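Read through the structure below, which is laid out as structure tokens, and then see the notes.
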2 protein chains.
Amino acid sequence: MTKGDDMSSILQTPQTVTTANVPVRTPSVGTGGVAVRGQWLPSADQIADWSLDARIVHLFAEIGTPVVVPRNGELYAEDGQVDNLYRIESGVIRTCKILNDGRRQIDGFYMAGDIVGLEVGRRHQYCAEAVCRATLRAVRMRTVHAQIEAGGDLSCALWEMTARELLRSQQHILLLGRRSAQERVGCFLLALASRIAGRNVLETANVLFDLPMSRQDIADYLGLTIETVSRTFTQLEAMGVIALESARTVRLSNRAALREMNG
Amino acid sequence: MTKGDDMSSILQTPQTVTTANVPVRTPSVGTGGVAVRGQWLPSADQIADWSLDARIVHLFAEIGTPVVVPRNGELYAEDGQVDNLYRIESGVIRTCKILNDGRRQIDGFYMAGDIVGLEVGRRHQYCAEAVCRATLRAVRMRTVHAQIEAGGDLSCALWEMTARELLRSQQHILLLGRRSAQERVGCFLLALASRIAGRNVLETANVLFDLPMSRQDIADYLGLTIETVSRTFTQLEAMGVIALESARTVRLSNRAALREMNG
DNA sequence: CGTCGTTTTGATCAAATTCAAAAAGTGTGG
DNA sequence: CCACACTTTTTGAATTTGATCAAAACGACG
């Protein structure tokens with residue numbers, strides 16, 4: 001692993017509030033429970049600014065209004081007015097663009113603790129939908145902007161969030177531009193596992209986790225077709241790299257092989 | 001054109017200093033001449049903050065130290081320390097990632113007036129090289145950070161720059177994930193033309209412009225091979241969409257067709 | 001148990017890659 | 001100015017990867 005690695009940024013890293021890995025989040029997807037501290041340590045390479053994170057988390061907890069989006073429901077539309085910033089409490093959100101002939105490209109999947117809807121322009125550049133029923137908290141953008149004006153260097157935190165999104169996008173570009181179907185699926189599974197199961201799990205025993213999204217969603221994220229994704233799962237299973245307990249339940253049996261795919 | 005359009009953001013828009021189209025830049029690539037005002041109007045959809053732009057341009061003009069990078073020379077390496085922010089005065093810079101087996105993905109091309117090297121983390125996530133001899137001005141990141149601390153809401157400008165990069169990346173993801181070779185090349189040419197010749201030219205007569213980069217660079221940007229890029233140029237020429245005065249000189253003969261490719 | 005949506009598998013097809021070589025450009029030195 | 005070496009671009013033929021079309025298997029749910 002020398003170049004082009006850092007799988008973790010392909011999907012959301014454990015937290016997206018700033019470049020520091022934020023220690024406040026719900027324990028697992030779907031519980032919507034109380035935030036738990038200290039699950040990840042900020043890497044030395046990242047700017048740690050806990051007070052800002054705490055402030056953002058606090059902002060949503062205090063003045064955020066609850067929003068519930070049903071499975072496949074739309075949080076906001078492409079070209080829609082940017083008026084809220086959301087923090088996910090449970091469930092999974094996908095952001096995507098759709099070409100006028102129906103081709104769809106999923107930009108990213110967002111999970112509990114992640115912030116979605118952050119954009120600088122006035123209109124959303126992509127739409128956001130729920131992969132599965134999601135609960136969120138919304139804060140008006142004008143409130144956020146007011147906070148910025150009020151001097152607290154919240155803008156710095158927003159910048160870092162945007163920068164993190166940019167890193168993720170750049171990894172995605174490399175994946176889509178230069179990786180084979182097998183590598184794409186491998187990278188995706190490894191990144192998703194570290195997001196769902198926690199980074200620490202990657203060093204321990206075989207990880208077992210559920211895929212919250214359909215094969216179609218995975219295909220549209222990886223720039224493949226649903227059939228190719230399905231076949232690739234089968235191939236990886238035949239190679240002994242993964243084991244499919246069910247279509248939506250994956251065990252990573254050979255993480256070394258997966259990490260190798262990262263090139 | 002309803003969704004997934006805005007070709008212009010695939011490559012650099014005329015200016016990347018903020019979301020506003022900045023009116024200060026050199027007249028054309030390679031001259032390194034004096035900046036000219038008022039070439040583009042900021043679109044209504046973008047946040048115009050001229051004073052910030054002006055401040056950034058001024059910063060580079062006043063305290064920036066000149067840097068010259070020869071053709072194919074490296075401005076900075078992937079994983080290299082982030083210590084400077086650069087503004088291009090002439091020439092073209094590419095940013096790219098390289099997989100350990102040599103596969104390369106170009107993230108973007110940057111031209112006169114663009115800012116390169118902006119990253120939030122401590123280490124560069126990609127390398128930057130000169131497509132052709134480039135002259136730049138460098139400002140130390142610590143100076144930039146000092147400016148931020150000093151209260152001027154420069155961080156807001158940096159945020160907007162990062163956000164603009166993010167938009168570009170998202171367009172690139174759609175291109176790599178869901179577009180055919182022909183569409184990729186078409187989108188690329190249209191975007192490059194509007195970047196080089198100016199947005200206004202897109203509404204007027206047939207645009208004629210030079211490609212500063214090789215077929216290999218284009219291939220690595222579009223996630224294709226050099227042969228496919230070459231064949232696609234030939235196809236587009238046969239279709240009457242473009243005309244190749246020489247390998248590096250392109251005329252867009254049918255911009256409607258190109259714009260249609262944008263879906 | 002039957003229906004509906006999702007996933008898998010099979011057969012065929014097409015787009016893009018690979019390997020190979022020719023053609024066109026560029027620059028250098030005689 | 002031409003000859004030569006070298007790089008870039010184009011073209012051709014064969015191959016491969018992933019897409020498409022079609023249908024079967026599977027799972028959830030009323």
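Chain naming here is simple, since letters A, B, ... match the order of the sequence lines and numbering starts at 1 in each. Just so it is clear, the values below take in all heavy atoms, side chains as well, and ignore hydrogens, waters and symmetry mates. Being a predicted model, the structure only gives us computed values, none of them experimental.
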- Look at the side chain of B:T234 and decide which nucleotide, out of C:dT8, D:dT20, D:dT10, has an atom nearest to it. D:dT10

- Task: Look at the side chain of B:R71 against the base of C:dT26 and say whether a donor-acceptor pair falls under 3.5 Å; ignore hydrogens and angles.
- Result: no

- In whole angstroms, the gap separating P of C:dA16 from CZ of B:R184 amounts to 7 Å

- Query: Across the strands shown, which category fits A:S246 at heavy-atom distances under 4.0 angstrom: base, sugar-phosphate, nothing?
  - Reply: nothing

- Task: Take the protein atom CZ of A:F233 and the nucleotide atom C1' of C:dT6, then report the distance between them rounded to whole Å.
- Result: 13 Å

- Message: Nearest heavy atom decides the nucleotide; on that basis, is A:N72 or B:R231 closer to the 5' end of DNA chain C?
- Response: A:N72

- Task: Using distance alone, with no hydrogens and no angle criterion, decide if A:N84 and A:R137 have a side-chain donor and acceptor under 3.5 Å apart.
- Result: no

- Query: Under 4.0 Å between a side-chain N or O of A:S214 and OP1 or OP2 of C:dG5?
  - Reply: no

- Could one point to a donor on the side chain of B:R215 or the base of D:dT11 with an acceptor on the other under 3.5 Å away? no

- With sugar-phosphate meaning primed atoms plus P, OP1 and OP2, does B:T228 contact a base, only sugar-phosphate, or nothing at under 4.0 Å between heavy atoms? base

- Task: Check whether the side chain of B:R248 and the base of C:dG25 form a donor-acceptor pair under 3.5 Å.
- Result: no

- Lys/Arg N to Asp/Glu carboxylate O, B:R178 vs A:D220, below 4.0 Å: yes

- Would you give the length of the straight line joining atom NE2 of B:H172 to atom NE2 of A:H172, rounded to the nearest 0.5 angstrom? 12.0 Å

- Message: Among A:R94, A:E129, A:R133, exactly one meets side-chain contact (heavy atoms from CB on, under 4.5 Å) together with A:N72. Which residue is that?
- Response: A:R94

- Message: For the residue pair A:R215 and A:F233, would you count it as a cation-pi contact if the rule is NZ or CZ under 6.0 angstrom from the ring centre and within 45 degrees of the ring axis?
- Response: yes

- Item | Atom pair distance, as rounded to whole Å: CD in A:Q235 and C1' in C:dT8 | 13 Å

- Whole angstrom value for the distance that separates C1' of D:dT11 from CG of B:L244: 14 Å

- Checking all strands, does B:S230 fall into the base, sugar-phosphate, or nothing category for heavy-atom contacts under 4.0 angstrom? base

- Note on the structure: B:E227 CD to D:dT9 P, in whole Å, measures 12 Å

- Take atom CZ of B:R179 and atom P of D:dA19, then tell me their distance rounded to the nearest Å. 17 Å

- For atom CG of B:L211 and atom P of D:dT8, their distance in whole Å: 15 Å

- Message: Just the rounded figure in Å: distance from P of D:dT16 to CG of B:L224.
- Response: 20 Å

